Undergrad: 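Have a look at the structure that comes next, please.
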Amino acid sequence: MWIDVSVPLNERLPIWPGSPGFELSPLRSIACGDTDNVTRLTCDLHTGTHIDAPKHVLDNAPCIDSLDLDVLIGRAYVAEIDNQDCITPALLDASTVPAGTRRLLLKTSNSDLWTKSPGRFDSSYCALTSDAALWVVDRGIRLIGIDYLSLQRYGDGPETHRILLKAGVIVVEGLDLSRAHSGPCEMICLPLKLEGIEAAPARVVIRYPQDSPPQLQQTGLL
């Protein structure tokens, strides 16, 4: 069974301070006498569940349309880190992330914010310290995901993003991991193919080994 760990895009979604927000506006409407429905979407590319490419914080760096699909699809590990203000290297060590993990999804108390504080941005969300970003890079992790709008703490400078993106780590933000649990899973994480741009909204789904077809388990992918 696939679990959708993306957040719904709607006008009730929390947005980053200063963002223009999310808006759907009808261009054509059957109810108004048109032959079809056509809707315009307005938002910044870091709205809801989205992927950051290196170009987000580095000039002349890879864009969202050049990210490696082999990193965006495959085996991942969900690590639960509960009731913490920030994620440090010590907490990552304690989470027993298996050696050789290439894709790491961090489930924190942030996942509760999507329902506890709908429509309101909460600046106290849990995120990585810059030395935790170095921990991720040092262990060869290629993709890191977290369950709020940024994996960098609110009020911090861009160092956490720069450490990860300069090393080529793909950053996935705005996940809802409330239905996920700790352990290995299969992940599909695909951004919109926007050319030459620093980020894109994404649909992300995961599936645990016991829910996967036997032939997939036998391949060693899970």
Side-chain angles (χ1 to χ4, degrees), residues 1-10 12-16 22 46-52 71-89 91-98 101-129 132-133 135-136 139 141-154 160-161 164 169-191 199-212 221-222:
M1 180 181 69
W2 289 103
I3 301 172
D4 190 345
V5 294
S6 315
V7 295
L9 288 176
N10 55 50
R12 302 180 302 278
L13 189 70
I15 60 169
W16 192 265
F22 178 89
H46 303 264
T47 299
T49 306
H50 64 278
I51 297 175
D52 289 345
V71 178
L72 292 165
I73 301 171
R75 183 171 182 163
Y77 187 83
V78 177
E80 296 190 48
I81 300 178
D82 296 326
N83 303 318
Q84 300 294 331
D85 294 330
C86 63
I87 300 170
T88 63
L91 287 172
L92 290 170
D93 283 334
S95 69
T96 62
V97 176
T101 295
R102 297 182 70 212
R103 305 168 191 86
L104 177 61
L105 307 180
L106 298 175
K107 178 181 179 179
T108 74
S109 56
N110 294 341
S111 281
D112 296 332
L113 296 177
W114 300 117
T115 53
K116 286 184 178 179
S117 304
R120 181 177 68 84
F121 175 77
D122 192 328
S123 62
S124 64
Y125 64 87
C126 178
L128 276 71
T129 59
W135 185 99
V136 170
R139 279 152 184 78
I141 292 170
R142 300 287 310 282
L143 179 148
I144 179 80
I146 199 165
D147 50 355
Y148 208 59
L149 294 177
S150 179
L151 53 68
Q152 179 174 292
R153 294 180 296 177
Y154 187 73
T160 299
H161 270 98
L164 294 167
V169 180
I170 295 174
V171 171
V172 185
E173 298 170 324
L175 295 168
D176 177 2
L177 296 172
S178 56
R179 293 196 294 150
H181 60 78
S182 181
C185 63
E186 180 188 4
M187 181 190 72
I188 299 175
C189 172
L190 294 177
R203 189 76 177 265
V204 185
V205 296
I206 63 172
R207 179 169 62 182
Y208 288 94
Q210 63 270 22
D211 298 323
S212 303
L221 293 175
L222 286 170

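None of these values were measured; they are calculated from a predicted model.
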Undergrad: Asp52 side chain to Ala199 main-chain N or O, any donor-acceptor pair under 3.5 Å?
TA: no

Undergrad: Would you sort out whether Ile81 and Leu92 count as a side-chain contact (heavy atoms from CB on, under 4.5 Å), showing the intermediate values?
TA: CA-CA 8 Å; Ile81 300 178; Leu92 290 170; 4.0 Å; yes

Undergrad: Dump the intermediate steps for side-chain contact (heavy atoms from CB on, under 4.5 Å) on Glu186 and Tyr208, then the final yes or no.
TA: CA-CA 6 Å; Glu186 180 188 4; Tyr208 288 94; over 6 Å; no

Undergrad: Answer yes or no: does atom CZ of Arg203 have more than 12 heavy-atom neighbours from other residues, nucleotides or ligands under 6.0 Å?
TA: no

Undergrad: Check whether any side-chain heavy atom of Ile87 lies under 4.5 Å from a side-chain heavy atom of Thr129, and answer yes or no.
TA: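 With C-beta onward as the side chain, the pair stays apart.
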
Undergrad: Applying the side chain to side chain donor-acceptor pair (under 3.5 Å) criterion to Glu173, which one of His161, His46, Gln152 satisfies it?
TA: His161

Undergrad: Are the side chain of Thr49 and the backbone of Ser6 linked by a donor-acceptor contact shorter than 3.5 Å?
TA: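 Flag not set: sc Thr49 to bb Ser6 has no pair under 3.5 Å.
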
Undergrad: Would you say Asp112 has more than 12 foreign heavy atoms packed within less than 6.0 Å of its CG?
TA: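 For Asp112, atom CG is crowded (more than 12 foreign heavy atoms under 6.0 Å).
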
Undergrad: With a 4.5 Å cut-off on side-chain heavy atoms, are Ile141 and Arg102 touching?
TA: no

Undergrad: I'd like to know whether the aromatic ring centres of Tyr154 and Trp16 sit less than 6.0 Å apart in this structure.
TA: yes

Undergrad: Do Leu175 and Ile146 make a side-chain contact, defined as non-hydrogen atoms from C-beta onward lying under 4.5 Å apart?
TA: no

Undergrad: Is a side-chain donor or acceptor of Thr101 paired with a backbone partner of Leu104 at a separation under 3.5 angstrom?
TA: no

Undergrad: Would you say the side-chain atoms of Asp147 and Trp114 include a donor-acceptor pair closer than 3.5 Å?
TA: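 Their side chains do not contain a donor-acceptor pair, so the 3.5 Å distance test is not met.
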
Undergrad: What are the two closest heavy atoms between Ala180 and Ile206, and how far apart are they?
TA: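 Scanning both residues, the minimum pair turns out to be CB-CD1, 3.9 Å.
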
Undergrad: Minimum heavy-atom separation for Ser117 and Pro14, please, with both atom names.
TA: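 Closest heavy-atom pair between Ser117 and Pro14: O-CG, 4.1 Å.
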
Undergrad: Would you say the side chain of Leu128 lies within less than 4.5 Å of the side chain of Leu106, judging by non-hydrogen atoms?
TA: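 Yes, close enough: below the 4.5 Å cut-off.
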
Undergrad: Please report the interatomic distance CG(Asp85) to CZ(Arg153), rounded to the nearest 0.5 Å.
TA: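 It is 9.5 Å, given to the nearest 0.5 Å.
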
Undergrad: Test your reading of the model: is there a side-chain donor-acceptor pair from Arg103 to the backbone of Arg75, 3.5 Å cut-off?
TA: yes

Undergrad: Please report the shortest heavy-atom distance between Tyr77 and Ser95, naming the atom on each side.
TA: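 Shortest heavy-atom separation between Tyr77 and Ser95 comes out as OH-O, 4.4 Å.
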
Undergrad: Could you report the tightest heavy-atom contact between Ser111 and Ser178, atom names first, then the distance?
TA: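 Looks like OG-N, 3.5 Å.
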
Undergrad: In chain order, what residues pass the ring-ring contact (aromatic ring centres under 6.0 Å, His included) check against Tyr125, with sequence neighbours excluded?
TA: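 With sequence neighbours excluded, Tyr125 shows a ring-ring contact (aromatic ring centres under 6.0 Å, His included) to Tyr148, given in chain and number order.
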
Undergrad: Any side-chain heavy-atom pair from Asp82 and Ser109 closer than 4.5 angstrom?
TA: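 A side-chain contact is absent here, since even the closest heavy-atom pair is not under 4.5 Å.
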
Undergrad: Ala127 and Ser150: which non-hydrogen atoms are nearest, and at how many Å?
TA: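 What the structure gives for the nearest pair is CB-O, 4.0 Å.
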
Undergrad: Pair Gln84, Leu91 - check side-chain contact (heavy atoms from CB on, under 4.5 Å), show working.
TA: CA-CA 9 Å; Gln84 300 294 331; Leu91 287 172; 3.7 Å; yes

Undergrad: Measure the shortest side-chain to side-chain distance between Thr88 and Trp135 over non-hydrogen atoms and say whether it is less than 4.5 angstrom.
TA: no

Undergrad: With a 4.5 Å heavy-atom cut-off, do Leu13 and Thr47 have their side chains touching?
TA: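 Yes, their side chains come closer than 4.5 Å.
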
Undergrad: Using side-chain heavy atoms (C-beta onward) and a distance below 4.5 Å, is Ile15 in contact with Phe121?
TA: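 No - every pair of side-chain heavy atoms lies 4.5 Å or more apart.
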
Undergrad: With a 3.5 Å distance limit and no angle check, can you tell me whether Thr160 reaches the backbone of Ala133 through a side-chain donor-acceptor pair?
TA: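 Checked: no pair found.
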
Undergrad: Which residue is it: Leu105, Leu164, Ile51, Val136? I am looking for the one with a side-chain contact (heavy atoms from CB on, under 4.5 Å) to Leu143.
TA: Leu105

Undergrad: When you look at Lys107 and Asp176, which way does the salt bridge (charged side-chain N to carboxylate O under 4.0 Å, His left out) test go after all the steps?
TA: CA-CA 8 Å; Lys107 178 181 179 179; Asp176 177 2; over 6 Å; no

Undergrad: Do you know which two heavy atoms are closest between Ser182 and Glu80, and how far apart they sit?
TA: N-OE2, 2.9 Å

Undergrad: Any chance you could lay out the side-chain contact (heavy atoms from CB on, under 4.5 Å) test for Val78 and His181, step after step, and finish with the verdict?
TA: CA-CA 7 Å; Val78 177; His181 60 78; over 6 Å; no

